[in-house]
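Below: one structure, written as structure tokens.
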Amino acid sequence: MQKLEQLYEGKAKKVFRTDDPELYIVDYKDDATAFNGLKKGTIAGKGVINNQMTNHLMRRIEKAGIPTHFVQELSERETLVKKVSIVPLEVIIRNLSAGSFAKRYGVEEGIVFDAPTIEFSYKNDELGDPLLNSYHALALKLATAEEIETIKKYAFAVNDILKAFWAECGVTLVDFKLEFGRLTDGTIVLADEISPDTCRLWDEKTHEKLDKDRFRRDLGGVEGAYAEVMQRLLAHDAD
Ligand code: TMP
Ligand code: ASP
């Protein structure tokens with residue numbers, strides 16, 4: 001499958017057209033940004049890790065019966081995916097308090113919730129991805145009521161799969177962000193990536209951060225943290 005013209009360049013990935021109108025190629029970069037692009041940097045090797053980790057997790061999710069855009073890994077940084085139009089919602093699931101949740105509600109990080117939470121942000125960089133609820137999403141015609149129900153159901157199911165998988169790797173899945181897309185026929189599928197850029201992953205015992213918070217918060221050891229979680233994922237599968 002050949003890369004044709006570039007359709008889009010985001011903060012962490014590029015998307016290319018192919019000779020099949022229903023398939024795109026995603027190319028993962030080492031570029032990292034935070035705070036809506038205000039902080040910029042590079043995390044050496046991140047593109048390779050995020051590509052391989054995303055594909056690994058997408059395969060697991062697909063096997064569990066949730067449709068995804070994943071088709072085939074093409075190289076270290078490139079993956080063939082189904083063409084989707086992205087639903088402009090960032091879907092965030094949380095199992096423990098952290099990040100903007102802890103800040104917004106004035107609580108410490110690390111409180112374990114009795115049940116996971118879900119929230120949506122409007123995917124709009126100019127507005128800084130504002131938080132919204134499903135009524136707002138409907139009013140803005142970002143998705144239909146049926147699509148929102150499907151997205152919620154899939155997001156909680158993905159949480160069950162990922163939480164159990166990471167627990168087997170000695171990692172606590174604190175929270176994460178998902179994006180969904182519509183195939184040409186309107187089917188909702190899981191899209192985008194699932195990586196240390198989009199998840200908070202803590203060592204189960206020490207609570208050491210093994211994700212992009214090391215970059216966001218200038219904690220150092222960024223590359224090492226990405227390599228460590230990838231290593232744990234690979235070690236799990238070698239068993
Ligand atoms: P938050 O606590 O900053 O709202 O982040 C919640 C989760 O979403 C966290 O795992 C990081 C992820 N996330 C993204 O993937 N992209 C983003 O732009 C933001 C703000 C968060
Ligand atoms: N990548 C996002 C940005 O630049 C934010 C983040 O992941 O913290 O806005």
Side-chain angles (χ1 to χ4, degrees), residues 8-15 26 28-43 46-47 49-51 53-54 57-58 61 86-113 116-133 142 151-152 154-156 158-159 161-163 165-167 169 171-181 190-204 207-219 222-223 225-226 229:
Y8 168 82
E9 177 160 7
K11 293 171 190 143
K13 298 186 284 298
K14 295 177 188 172
V15 181
V26 181
Y28 286 74
K29 308 190 285 183
D30 284 350
D31 299 351
T33 65
F35 316 116
N36 202 12
L38 279 178
K39 184 183 173 87
K40 287 191 176 69
T42 304
I43 302 174
K46 171 172 88 85
I49 290 175
N50 286 7
N51 181 41
M53 187 179 291
T54 296
L57 298 174
M58 288 284 182
I61 289 164
I86 290 285
V87 177
L89 292 172
E90 299 206 336
V91 182
I92 294 158
I93 297 276
R94 300 178 192 269
N95 296 305
L96 281 78
S97 63
S100 69
F101 182 98
K103 198 170 174 196
R104 185 178 325 118
Y105 301 119
V107 296
E108 61 186 307
E109 295 197 306
I111 300 165
V112 181
F113 301 151
T117 66
I118 190 165
E119 69 207 42
F120 300 111
S121 297
Y122 178 21
K123 201 172 140 59
N124 183 319
D125 281 342
E126 271 164 44
L127 300 176
D129 297 341
L131 202 60
L132 44 59
N133 66 31
L142 305 182
I151 286 172
K152 277 190 197 163
Y154 287 171
F156 282 119
V158 167
N159 185 44
I161 297 160
L162 295 183
K163 207 168 67 169
F165 172 72
W166 282 119
C169 302
V171 171
T172 302
L173 178 63
V174 175
D175 56 32
F176 58 96
K177 184 262 300 178
L178 299 177
E179 294 184 23
F180 291 86
L190 180 62
D192 195 49
E193 67 179 281
I194 309 174
S195 71
D197 274 17
T198 63
C199 303
R200 284 196 173 93
L201 301 166
W202 293 357
D203 178 88
E204 187 180 68
H207 298 174
E208 186 190 352
K209 296 182 200 312
L210 300 172
D211 57 60
K212 194 175 161 189
D213 269 351
R214 301 206 73 86
F215 169 80
R216 296 189 188 98
R217 302 179 188 191
D218 296 319
L219 299 176
V222 186
E223 279 90 357
Y226 278 67
V229 270

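Hydrogens, waters and symmetry mates play no part in the numbers below; they use all other heavy atoms, side chains included. For ligands, and for the atoms within them, numbers begin at 1 and follow the listed sequence.
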Once you restrict to heavy atoms under 4.0 Å, what part of [X] touches ligand 1? Side chain, backbone, both or neither.
X      : result
Lys212 : neither
Arg216 : side chain
Asp211 : neither
Cys199 : backbone

Keeping the roles fixed (side chain from [X], backbone from [Y]), state whether a donor-acceptor pair exists under 3.5 Å.
X      : Y      : result
Thr42  : Asp31  : no
Asp211 : Leu201 : yes
Lys46  : Ala32  : no
Thr33  : Lys11  : no

Can you sort out which atoms of ligand 1 are near [X], meaning under 4.0 Å from one of its heavy atoms?
X      : result
Asp197 : 15 (O)
Gly99  : 2 (O)
Phe176 : 10 (O)

[atom]: nearest protein contact (heavy atom, Å):
atom                    : answer
atom 6 (C) of ligand 1  : Arg200 NH1, 3.6 Å
atom 17 (C) of ligand 1 : Glu90 OE1, 4.0 Å
atom 13 (N) of ligand 1 : Lys177 CB, 4.0 Å
atom 7 (C) of ligand 1  : Asp175 OD1, 3.6 Å
atom 4 (O) of ligand 1  : Ser100 OG, 2.5 Å

Contact check: Glu119 vs ligand 1, nitrogen or oxygen atoms, below 3.5 angstrom:
no
If I apply the N/O under 3.5 Å rule, does Asp129 come out as touching ligand 1?
no
Which heavy atom of Met53 sits nearest a heavy atom of Ser195, and at what distance?
SD-CA, 4.1 Å
To check you understand the geometry: which heavy-atom pair defines the closest contact between Ala102 and Glu109, and what is its length?
CB-CG, 3.9 Å
With sequence neighbours left out, what residues match [X] under side-chain contact (heavy atoms from CB on, under 4.5 Å)?
X      : result
Glu90  : Ser121, Lys123, Asp129, Lys177, Glu179
Lys163 : Asn95, Asn159, Leu173
Asp175 : Arg94, Ala98, Arg200

Find out whether the Lys NZ or Arg CZ of Lys14 is both under 6.0 angstrom from the six-membered ring centre of Tyr8 and within 45° of the ring's axis.
no
Given the options Leu57, Val91, Ile93, Leu178, Val158 meets side chain to side chain contact (heavy atoms under 4.5 Å, CB included) only with Leu178
Ion pair Lys209/Asp213, N-O distance below 4.0 Å:
no
Does atom 19 (C) of ligand 1 have a protein non-hydrogen atom under 4.0 Å from it?
no
Could you verify whether a donor N or O on one side chain and an acceptor N or O on the other, from Asp197 and Tyr226, lie under 3.5 Å apart?
yes
Give a yes/no verdict on whether any heavy atom in Arg94 is under 4.0 Å from an atom of ligand 1.
yes
Which residue is it: Lys13, Lys29, Glu193? I am looking for the one with a side-chain hydrogen bond (donor to acceptor under 3.5 Å, both in side chains) to Asn50.
Glu193
Considering only heavy atoms, which protein residues lie less than 4.0 Å from any atom of ligand 2?
Lys11, Thr33, Ala34, Phe35, Asn36, Gly37, Lys212, Arg216
